[in-house]
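Each remark here refers to the structure printed beneath this line.
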Amino acid sequence: MATQMHEVAQAAPTFDAAAWLAALVQIGGGYALASGRKLWLVVEDCDYDDLASVMRPLIGNPDRAEAIRVAIERRQNGDA
């Protein structure tokens, strides 16, 4: 049983915050990190279906929003 659980854990895809940000920009969106680490997503010019597809991985996953914040901070600091 433990072996099966380990195999499932390895098969689970990981979230790539940099790739997610690139996908948002590709559909016409943008982003910013405001004071207090508030994440701003600019989506006014995005197609609804494209936006729904990009946003889907974030729904119910606050850890992924945090990963996006960290990725933006790294870019701002020249680490990425």
Side-chain angles (χ1 to χ4, degrees):
M1 177 77 165
T3 303
Q4 288 175 331
M5 290 177 63
H6 180 69
E7 289 173 3
V8 170
Q10 285 183 334
T14 58
F15 179 72
D16 183 343
W20 187 91
L21 288 167
L24 177 64
V25 170
Q26 185 176 12
I27 65 165
Y31 58 88
L33 200 57
S35 64
R37 298 184 77 234
K38 187 178 294 185
L39 180 60
W40 291 80
L41 301 177
V42 181
V43 298
E44 181 178 8
D45 295 328
C46 297
D47 175 76
Y48 176 80
D49 292 329
D50 292 340
L51 182 60
S53 177
V54 169
M55 294 302 291
R56 194 168 290 118
L58 298 185
I59 298 170
N61 293 295
D63 57 318
R64 292 179 177 184
E66 177 59 22
I68 291 168
R69 286 183 187 92
V70 170
I72 295 170
E73 287 173 334
R74 286 182 180 160
R75 284 186 182 176
Q76 289 175 341
N77 294 330
D79 296 337

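Since we're looking at a predicted model, the values are computed, not measured.
- Atom CG in Asn61 sits 13.5 Å away from atom CD in Glu66 (nearest 0.5 Å).
- Listed for the Asp50 side chain is no donor-acceptor partner under 3.5 Å among the backbone atoms of Tyr48.
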### Task
Would you sort out whether Leu21 and Ile68 count as a side chain to side chain contact (heavy atoms under 4.5 Å, CB included), showing the intermediate values?
CA-CA 7 Å; Leu21 288 167; Ile68 291 168; 3.7 Å; yes

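- Rounded to the nearest 0.5 angstrom, Leu58 CG and Trp20 CH2 are separated by 4.5 Å.
- Smallest separation of non-hydrogen atoms from Ala17 and Ala67: CB-O, 3.5 Å.
- At a threshold of 4.5 Å between non-hydrogen side-chain atoms, the residues Arg37 and Val70 count as touching.
- Residues passing the side chain to side chain contact (heavy atoms under 4.5 Å, CB included) test with Val42, sequence neighbours excluded: none.
- For the pair Met55 and Val43, the minimum side-chain heavy-atom distance is 4.5 Å or more.
- Legend: side chain to side chain donor-acceptor pair (under 3.5 Å) pairs involving residues 22-33, not counting sequence neighbours, sorted by first then second residue: Tyr31-Arg75.
- Between Ile27 and Asp47, the closest side-chain pair of non-hydrogen atoms is not below 4.5 Å.
- Under the 3.5 Å distance criterion, the side-chain polar atoms of Asp16 are matched with a main-chain donor or acceptor of Ala18.
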